[in-house]
Number of protein chains: 2
Amino acid sequence: MKEKELRRSLAVLPIGTVMKLTDLTARQIRYYEAQQLIQPERNEGNRRMYSLNDIDRLLEIRDYLAEGVNIAGIKAIYEQQASAAQAKEENLEHPLTDDDVRRIMQDEFLRQGRLGQTRPGIQQRPL
Amino acid sequence: MKEKELRRSLAVLPIGTVMKLTDLTARQIRYYEAQQLIQPERNEGNRRMYSLNDIDRLLEIRDYLAEGVNIAGIKAIYEQQASAAQAKEENLEHPLTDDDVRRIMQDEFLRQGRLGQTRPGIQQRPL
DNA sequence: CGATTGATGTCATATTTTCTAACATTTGTT
DNA sequence: AACAAATGTTAGAAAATATGACATCAATCG
């Protein structure tokens, strides 16, 4: 199913379309990019171009924010996912020892602990 | 599978993207529309917006033209498909009599006869 | 409370994209 | 040669997007 992955990651949507599909403003979408939550491509004319995967991620971001997770938290989640994916790959070559697992679990808990801090005000989306 | 149909018919692509995906020029895409081969939607600002189904159809058109079928022929094919689809629907209510079938077959043959006429010069796509 | 900060709104200006319409070109067909 | 089909090209106007600055608003902290 490589075909489908490719299609979903094809950057073909301009920001105007993304606004409608996600119900986000251009300002929000560009801000999330500035915060490294998404990395849209650019066309020859420097216009941002988004893929279906980007749409999914933006919808996720929207939901996390609505739940009260701040942007730093969302970023942490994605970084965690990325390293988890990497670990999975590496695991195909050298399976983990129990000792490794213990250390990883500990890291996870530490990360979780740091997350809930709603220090930077939860703000509800206006209607 | 209504979900997928909906997604595929969502008009979200601007003409610039369509150009890249189909390897057609804006001129060609607009011309096929003028010839009624496609009916893209328009956004609030009067920009043409295309769906994935539109992309498929444009690729088909591109292939038919490369094969030597002229636009009138392609249009005839689509009209035939449309009436076939309609017939199928109607058939769910009143199945056809043998007499109906005979008449339909005759129509088909007449249409086929008229089609091959490559009267309006076959033109090969430039590299 | 007053200051600070995170997330978003708004505005101005520049650049890119698309639209329409007209005229030009190319290549078969008659 | 004349014509028609398909496409190219160009000009001018309108829409969409980029960037950067300043404004706002709510939550948090000293």
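Here is the naming used below: chain letters follow the sequence lines, and residue numbers restart at 1 for every chain. Values reported hereafter were calculated over all heavy atoms of this structure, with side chains retained and with hydrogens, waters and symmetry mates removed.
- At whole-Å resolution of the value, CG in L65(B) and C1' in dA5(D) are 11 Å apart.
- What separates CG of L24(B) from C1' of dG8(D) is a distance of 14 Å, to the nearest Å.
- Atom CE in M49(A) sits roughly 11 Å away from atom C1' in dT17(C) (whole-Å rounding).
- Partners of T17(B) according to the side-chain contact (heavy atoms from CB on, under 4.5 Å) rule, which considers only residues two or more places apart in sequence or in another chain, are V12(A), M49(A), L13(B), P14(B), L21(B).
- With sequence neighbours excluded, no residue forms a salt bridge (charged side-chain N to carboxylate O under 4.0 Å, His left out) with R57(A).
- Between the CZ atom of R42(B) and the P atom of dA16(D) there is a distance of 12 Å, rounded to whole Å.
- Set against dA14(D), dG9(C), dT19(D), the side chain of R30(A) has dT19(D) as its closest nucleotide.
- Listed by chain and residue number, nothing satisfies the salt bridge (charged side-chain N to carboxylate O under 4.0 Å, His left out) test with K75(A) (two or more places apart in sequence, or in another chain).
- Near-neighbour residues of DNA chain D inside residues 32-40 of chain A, defined by a heavy atom below 4.0 Å, are absent.
- Listed nucleotides dT17(D), dT20(C), dA14(D) differ in distance to R47(A); the shortest reach to its side chain belongs to dT17(D).
- Taking atom CG of residue N70(A) and atom P of nucleotide dG6(C), one finds them 9 Å apart after rounding to whole Å.
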Check nucleotides 9-12 of chain D for protein N or O atoms closer than 3.5 Å to its own N or O atoms and list the pairs.
from, atom 1, to, atom 2, distance (Å)
dT9(D), O4, R27(B), NE, 3.4

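- Nearest to the side-chain atoms of Y31(B) among the listed nucleotides dT18(C), dT8(C), dA5(D) stands dA5(D).
- The environment of R8(B) atom CZ is dense: over 12 non-hydrogen atoms of other residues, nucleotides or ligands sit within 6.0 angstrom.
- In this structure, M19(A) places its CE atom 10 Å from C1' of dA16(D), rounding to the nearest Å.
- Atom CD1 of I71(A) is separated from atom P of dA27(D) by 16 Å (rounded to the nearest Å).
- Here dA18(D) presents its P atom at 13 Å from CD of E44(A), a figure rounded to the nearest Å.
- Using a 4.0 Å heavy-atom cutoff across all strands shown, R48(A) reaches sugar-phosphate atoms only and no base atom.
- Not one side-chain nitrogen or oxygen of N46(B) sits closer than 4.0 Å to the OP1 or OP2 atom of dA13(D).
- Interface residues of residues 11-18 of chain B facing DNA chain C, ordered by number: P14(B), I15(B), G16(B); criterion, heavy-atom separation under 4.0 Å.
- The shortest heavy-atom contact between Q28(A) and T25(A) is OE1-N, 2.9 Å.
- Around atom CD of E41(B), no more than 12 heavy atoms belonging to other residues, nucleotides or ligands sit under 6.0 Å away.
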